[in-house]
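The structure appears right after this line, and notes come after that.
Sequence lines set the chain letters: A, B, ... in the order given, protein chains first and strands last, and positions in each chain run from 1.
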Amino acid sequence: MVADARALDRGETPRNVTRETNRTFRGSFSGYERDCYFHNPDGVSPRFYPAAYVLGLDFDDDGRAAAPVDIDGDGDLDLVLAGLQGLRLVENTSPTRHFARLRLRAVKTPAVALGAVASVRTGDVTQRDFVKLTDGFQTQVPADLSFGLGDAARLDEVTVAWPSGATETWRDLPADRLLELVEGRPEAKASALERWPEGTRPRRAPAFSLDAEAERLDGGARERLAAPGRPTVLNFWSPACAACRAEAGELASLAVRCKAEARVVGVSAETKDVAAVRKAVEEGKPPYVQYLASEALLASFFGDGGAVALPATFVFDAAGRLRRAFFRPITEAEVAPILASMRDPGPYAADLRTLGHSCLEHGEFEPALGWFGKLRDLKPADPVSHFLVGVVQDALGRPEAAAACYAAAIERDPRYADARLNLGVVLVKGGRPKEGLAALEAGIQLKGEDPEALSALVWAAMEAGDTALALSAAARAVKANPRSGVLLAKKGGLHRMLGQFGEARKCFEEALRLEPGLEEVRQEVRAMDEAGEGR
Amino acid sequence: MNGESAWIRRGVACSSPFVWARLCCPLVLMTLAPLAVSADDGRGAAPPAPPASGAASLLSRPTEFVTDIERSEALADQVGAQIKATFLAGLKRGSWEAVADALTPDFVGAFPGPDGGQAVPDRGLAIRRYVSEGLPPLDRAGFVSVLRAQVQAWSHLERANWRTYEFLLDPSEQRAYARIHFQLGGPRPEGGRGYVDTSVEVELVAAAEDAWKLRRLALLEGNRVESPRPPFNDITALTGFSFNESDANRDLSQRVIDDRTILTNGGLSVVDWNRDGFWDVLATVANKQTVLFLNDGKGGFVRAEAPARTPEEAAYFYLYLDLDNDGTEELVSTRVVAIEGTRARLDLRVSRDGAWKTLPGALECAVPAGTRSLNVQSIVPCDVDGNGLIDLFFCAYSNSESKGERYNTVDAHDGAANLLFLNQGGLRFTEEAEARGVRGTQYSYAAAFFDFDGDGDPDLLVANDYGPNVYYENLGKGRFQERPEHLFAQGSNYSMGLTLGDYDNTGAWSVHVSNMSSHAGQRITALAGGMGEAMRARIRAMGAGNQLYEREGKVGAWTERGVERGVNWAEWAWAALFADFDNDGDKDLFVTNGFTSHRDAKAPDY
């Protein structure tokens, strides 16, 4: 009827739902499949070789988007991934080889040089690529072109076929540089890539964990650094570290500002000269708790035998998961948004809607009511959320509760045709046919001569005992979609019920002419023949 | 005519949930379900044989076998589970007696040792290519020692797969012929990793009560790849690269995944947002959140105000580029701002005083009357008419009327109409898809503009779900002509992504299309009789995996070479990227995979 599954959305949020789920099955659907990497060996190779596992790239997320990007500016392409489970950044630490990075600037056509083809020749190898901006799946990729050069320390030739149709060649360019090539300008500009400074690079240590214990500077008691349930900012410093002193103000300010939602913890990496540590704390008076590190603790954060780079700050979420590591001084302005990102944003309406729809479509009305009820609580001003609760209440056989929901939806959007139509249906069901018919008429007025809505009106009119209205509504439905045999058949059925056998036969015959496959209509005609109706 | 019956309109009415569950795509089922039900005596003529068997002397593909899909699949599951529990588990434990015990005493195998086959020249990885020819027959002990040699350098088995893509059950149900993807991988104590990836054919016998063993195993083809150390490090947690989400919220998202009601999530835009020379990332989850990660140039990201502030503003995809040639970027998204009557307003945002605002009237198009929603998956830019202004192609997936009565999963044309917006300058666009010959109403996920025919203007390839891909030739000045006879328009039926590259520096471009590959789908396709060859070929293509179109020379004929190049098997694939990740001078290929992973990793999979 009116509120078929497709009518549940009014367009604000396009649904992205597969309907063909088998409800009896609990489990994955092509789950835990691993990403693939097909390695292209040296020279012209007849085939690629699967190397995702050996390269550390066979993630089992439900993968979707992927972008190759030199995120750290070291010359090789890292990978950014976005799957159903979230984001990943995968750093490439392949052995250093030469590379070229081209930034093409068109002059006669849009500067981004979309579609320009660059050919890079080193020795007798010529590589090609083109400016595409989008690649793979739902991804905008960097506009710059990246070429690996292996051992070649210079580019013999770069030829660009510009979108304007012009072709230009630059000769003898340096490798390992960002090369800016401007259409019509014979000089290439070569510059070093902007690069993450060595000391600040993320470093994988054996065990970044909040579960470690440390000695409190004020009391000497050993405690776990972990504070379950709250994000933690863990700062390593030492009295001798000038940069640490410089960032102390930022940390203090952060500790005060984020007091309610997170805790800041200082850990002195100076383990021997405790007096100096105490002195520094007394002078600086940091407004957060201080611990003394042990060698084991330092090893767990900085690696065994590795240099302890100071200052260093680790941000953990409330569940103790690492969310950011800084191997440099921090600022309040950059840490506060990380802490803010851990706040519970509350449920997303999109999830509640998706889960509700899924339950509804599978006839699980009570759970559907739960999800849509939550949606309505989240978005009380949204007419659709009231409408959805109404649909489920109706499905549960509660026409009065449904009517109240539809009324609430209409109150929020008086032009909500589907809500008026559904209201009409449930009012009729609830024994209020007059009001129901009025609501249906109002809905049809808003929606136009919609065959489905008119079919509902036929049904409601019959329920109300108004056969004239039922017949006129059936005629309007046929007029709205004259090619539908089903609608004609319904009209015929109505005529037959009213003893208008001639009209009924006409409708049935026309219905069969339009849709010869309507077996039920044939049966209907046979039944009429047998009963001698209209003969 | 009562009100209840039509509350729920199910997408596909399915007579056999069992067969349904076997296929990663519902479409095969629509064709196969009636056949499965009508399978009469459980026997049938052999379908056309796949590529010739490698070790013909060891095994031959039977000509008579059980074609009752449910019966055959039940045994395939049972036998597969047993081999995993005995043979594979023995390998994982390093229990060579258990491995031997999974083989019959009269076992004969043909399988290479780690140094078998041919070395493939490469400076980065140690690669060996294995072929079936010339492998000596091995008895049980000999085969076990070859396997042992394959894994002995590894501290343990980290990857062990046994996946059946063909299963022909003898009518006695005491014997079966199968083709298997057999893969093993593990780390070396000194930090390297190795991986053996093979296709084998096997004969399985019911040696005792419900105890299936391997009687024959012969390599079809394979390779061994080793790296001195895995060069890719996941630095996500170190760099602050994660969405805003609480545990409660993660749980809710996981529920949606567990429910298998999500297709796509949202994408990535890698741009230098603040022009500091470092690449930033705009990442988005549709209808939930968009986060702008600014690369701080010092080991990670800082979060900045994103262009979408409410969940409703978050799109599947953003394209950030300068559309009016004034030197500053605009932002176009897949979000549909509003549908009013027969007009849809789309989302072109401009930055004014630091805030991103949708520009009214910039991107509008006609939609069919009654359309309540429109789902756009991605946007591809291209100056299609060569007038110096960048136009926009919108890959529209579905609308509120989709998956209705006209929907079918083989060749669906009730998705939403793709949109081609011609840039008129001054950030005004006119939608001209139909007028310019782009008439697709399929479920489109991705597209690429490229001068495929070498005549100097960009042609268009559209990757579609539920039906073939579409290739449009640009006749000049952005007038397009569909070319249904083109190879690109054949064979694919569930395409998710596209990438192009001259991967071997030959001057000839290749096109990689991400599709689905399904072991179960392949098994079932081999069993189903009673269908025409054309339909069989089509259905086979659906589960057959990714495609690699190559051409002879710069403008020669196209040929599909996914299998030959070893890139067709990638499960349920989405993104694919040609890129030179090791800077060795040729392009590699990265492919993302997977549909929905239930929170319980041990729960069964379709």
Which region of [X], side chain (C-beta onward) or backbone (N, CA, C, O), has a non-hydrogen atom less than 4.5 Å from a non-hydrogen atom of chain A, or is it both or neither?
X         : answer
Pro381(B) : both
Asp584(B) : both
Val567(B) : both
Phe232(B) : both
Ser253(B) : both
Arg159(B) : side chain
Glu564(B) : backbone
Ala448(B) : neither
Ile379(B) : backbone
Asn295(B) : side chain
Asp276(B) : backbone
Ile257(B) : side chain
Asp258(B) : backbone
Leu252(B) : both

Close side-chain approach of [X] to [Y], heavy-atom, < 4.5 Å:
X         : Y         : result
Arg129(B) : Arg47(A)  : yes
Phe581(B) : Leu79(A)  : yes
Arg128(A) : Trp509(B) : yes
Asn505(B) : Thr126(A) : no

Which atom of His598(B) lies closest to which atom of Ser28(A), heavy atoms considered: N-OG, 2.7 Å
Ignoring hydrogens and angles, state whether a donor on the side chain of [X] or [Y] is under 3.5 Å from an acceptor on the partner side chain.
X         : Y         : value
Asp135(A) : Thr499(B) : yes
Tyr445(B) : Gln138(A) : no
Ser246(B) : Arg343(A) : no
Asp62(A)  : Thr596(B) : no

Under a 3.5 Å distance rule, please check whether [X] uses its side chain to pair with a backbone N or O of [Y] as donor and acceptor.
X         : Y         : answer
Ser30(A)  : Phe595(B) : no
Asn249(B) : Gly346(A) : yes
Asp322(B) : Val112(A) : no
Gln140(A) : Tyr320(B) : yes
Asp234(B) : Val90(A)  : no
Asn325(B) : Pro110(A) : no
Thr139(A) : Leu268(B) : no
Asn233(B) : Asn92(A)  : no

Pair Asp259(B)-Ser358(A), side-chain hydrogen bond (donor to acceptor under 3.5 Å, both in side chains): steps then yes or no: CA-CA 8 Å; Asp259(B) 200 48; Ser358(A) 177; 2.4 Å; yes
Can you tell which of [options] has the highest number of heavy-atom pairs within less than 4.5 Å of chain B?
options                         : result
Pro345(A), Gly86(A), Gly493(A)  : Pro345(A)
Phe130(A), Tyr32(A), Tyr37(A)   : Tyr32(A)
Phe326(A), Phe137(A), Tyr348(A) : Tyr348(A)

Cation-pi, Phe241(B) ring and Arg88(A) (6.0 angstrom, 45 degrees): no
Check against side-chain hydrogen bond (donor to acceptor under 3.5 Å, both in side chains), Ser94(A) and Asp582(B): CA-CA 6 Å; Ser94(A) 292; Asp582(B) 52 357; over 6 Å; no
Charged N-O contact under 4.0 Å between Asp580(B) and Arg97(A): no
Test: Asp72(A) and Lys298(B) ion pair at under 4.0 Å: no
Test of ring centre spacing under 6.0 Å for Phe38(A) and Phe590(B): no
Selection from Gly585(B), Gly497(B), Ala603(B) maximising heavy-atom pairs under 4.5 Å formed with chain A: Gly585(B)
side-chain hydrogen bond (donor to acceptor under 3.5 Å, both in side chains) evaluation trace for Thr239(B) with Arg324(A): CA-CA 5 Å; Thr239(B) 51; Arg324(A) 176 75 207 256; over 6 Å; no
Parallel, tilted or perpendicular: ring planes of Trp572(B) versus Phe29(A), cut at 30 and 60 degrees: perpendicular
Contact class of Arg195(A) relative to chain B, heavy atoms under 4.5 angstrom: backbone
